[in-house]
Amino acid sequence: MEPAEGPGALGFHGDEEIIEVVELGPPGPDDLADEMEDVDFDEEGAEEPDAEAWETEDDEGVEDGMEAQDDSEVTFSLHSASVFCVSLDPKTNTLAVTGGEDDKAFVWRVSDGELLFECSGHKDSVTCAGFSHDSVFVATGDMSGLIKVWRVDTKEEVWSFEVGDLEWMEWHPQAHVLLAGTADGNSWMWKIPSGDCKTFQGPACPATCGRILPDGKRAVVGYEDGTMRIWDLKQGTSLHVLKGQDGHQDPLTCVASNQDGSLIMTGSVDCHAKLVNSATGKVVCVFKMESVAPKAPAGEGEEAESNSVESLGFCNVMPLAAVGYLDGTLAIYDLSTQSLRHKCQHESGIVQLLWEESSAVVYTCSLDGAVRLWDARSGKMINEYRGHSAEILDFAVNKDASIVVTTSGDHQAKVFCVQRPDR
């Protein structure tokens, strides 16, 4: 689960007016195809919808644009606005929880989209949602800071708490403990359902992203001022603070750790990804992306904001890390040589990436509404899946990498069965 991506995804509504046009009525597939051609290819300067441009751009066999093709097996349509977040239950991978701009969260069955129960009572967009490590509880959090926890088997609310504006939320990997970061710079930790609480005071700016390390004893939290702290969860003290040259120049957007927690990677609006030794708190190396030529002349002070690191993650089976950028670049870095191994270009911004648990395959979801699978060894795309008529805002992959569940600005969540030729 990537709770940091929920609120972060709100920044992606640059094409909101286009999305709204798509949503105005029930247009025919042709109208929608025309709309989406404009979205995807406006940088090509196409003045009028141009069917050939679409055909030649997509050699994956897409005939009539984004909406005409729906590769999904199941569509969940109970949300009435953008769906911001999704998580799968870790124990069985049979349940999904989704949260949306309609102030609603739902727990539903992945196999057929059947609703189990609604997590009711939220007063703002639900941007964070996830199951405890053993799938006993599900937590939902809205932007205003109301967090609720439900027992999955009885469908009953067992705990709720209100904090400041919520930035991210994550369950502990081994215990019924919930961690959350808020806009006032605090991180909160609760035992569930007793509600015993501990706070970790950061700088006076939002705690933009956070991750509990695999040992369950430490958490890494990134902040809007570019600093990063590694916290001792038991003592409530910060073990390491990275700031100044060691920190980032701009807000942190995402943070990840490798499987044993020895390495941390942080991503920022400054387009840098930093590799940090979690034991010493020292920066091992910095991956910088040379900016791709700007697609259009940027106005005053705009160019710096045209790109940022949106998501990152470590491969479990090879010394590789993947970094996804808002300009559509997926960079695969080799950790042993600390060098760029592959650059995989997307036509639009990457929202999130996830590694398959036991192979060198990276999944990306992007603003063009597609999920793509990449072989990190060769840098080649393995497959792409379409079905959404708007940007994908979050996604989750099950343990054996056979299904992907996506959420989108088109008010829907979808389940895709992943077909891989090599298995």
A.B. asks: Among Val418, Val110, Val74, whose side-chain contact (heavy atoms from CB on, under 4.5 Å) with Ile403 holds?
C.D. replies: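 Single side-chain contact (heavy atoms from CB on, under 4.5 Å) partner of Ile403 among Val418, Val110, Val74: Val110.
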
A.B. asks: List for me each residue that meets side-chain hydrogen bond (donor to acceptor under 3.5 Å, both in side chains) alongside Glu73, sequence neighbours excluded, and say none if there are none.
C.D. replies: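 Scan of Glu73 (side-chain hydrogen bond (donor to acceptor under 3.5 Å, both in side chains), adjacent residues dropped) gives none.
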
A.B. asks: With sequence neighbours excluded, give me every ring pair (Phe, Tyr, Trp, His ring centres under 6.0 Å) pair touching residues 320-351.
C.D. replies: Phe287-Tyr333, His346-Trp374

A.B. asks: Could you tell me which residues satisfy side-chain hydrogen bond (donor to acceptor under 3.5 Å, both in side chains) with Ser339, sequence neighbours excluded, listed by chain and number?
C.D. replies: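 Testing Ser339 for side-chain hydrogen bond (donor to acceptor under 3.5 Å, both in side chains), a comparison that skips the adjacent residues, returns Thr337.
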
A.B. asks: Among all residues two or more places apart in sequence or in another chain, which pass the salt bridge (charged side-chain N to carboxylate O under 4.0 Å, His left out) test with Asp232?
C.D. replies: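 Scan of Asp232 (salt bridge (charged side-chain N to carboxylate O under 4.0 Å, His left out), adjacent residues dropped) gives none.
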
A.B. asks: Can you list every pair that meets salt bridge (Lys or Arg N to Asp or Glu O under 4.0 Å) and has a residue in residues 140-163, with sequence neighbours left out?
C.D. replies: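 Every pair satisfying salt bridge (Lys or Arg N to Asp or Glu O under 4.0 Å) with a residue in residues 140-163: Lys123-Glu162, Lys148-Glu157, Arg151-Asp153.
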
A.B. asks: Strictly by salt bridge (Lys or Arg N to Asp or Glu O under 4.0 Å), give each pair with a member in residues 105-117 just once, sequence neighbours left out.
C.D. replies: Arg109-Asp112

A.B. asks: Please list, chain by chain and in numerical order, all residues satisfying salt bridge (charged side-chain N to carboxylate O under 4.0 Å, His left out) with Asp270, sequence neighbours excluded.
C.D. replies: none

A.B. asks: Who are the side chain to side chain contact (heavy atoms under 4.5 Å, CB included) partners of Lys399, not counting sequence neighbours?
C.D. replies: Pro90, Asn93, Glu357

A.B. asks: Apply side-chain hydrogen bond (donor to acceptor under 3.5 Å, both in side chains) to Trp108 and list each qualifying residue two or more places apart in sequence or on a separate chain.
C.D. replies: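 With sequence neighbours excluded, Trp108 shows a side-chain hydrogen bond (donor to acceptor under 3.5 Å, both in side chains) to Thr98, given in chain and number order.
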
A.B. asks: Going by the rule side-chain hydrogen bond (donor to acceptor under 3.5 Å, both in side chains), which residues pair with His133 if we only count those two or more places apart in sequence or in a different chain?
C.D. replies: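 Scan of His133 (side-chain hydrogen bond (donor to acceptor under 3.5 Å, both in side chains), adjacent residues dropped) gives none.
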
A.B. asks: Per the ring pair (Phe, Tyr, Trp, His ring centres under 6.0 Å) rule, what does the pair list look like for residues 193-230, sequence neighbours excluded?
C.D. replies: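 Only Phe200-Trp231 qualify under ring pair (Phe, Tyr, Trp, His ring centres under 6.0 Å).
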
A.B. asks: Does Lys191 have more than 12 heavy atoms from other residues, nucleotides or ligands lying within 6.0 Å of its NZ?
C.D. replies: no

A.B. asks: Residues two or more places apart in sequence or in another chain: which of them pass salt bridge (charged side-chain N to carboxylate O under 4.0 Å, His left out) with Arg218?
C.D. replies: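 Arg218 satisfies salt bridge (charged side-chain N to carboxylate O under 4.0 Å, His left out) with Asp215 only.
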
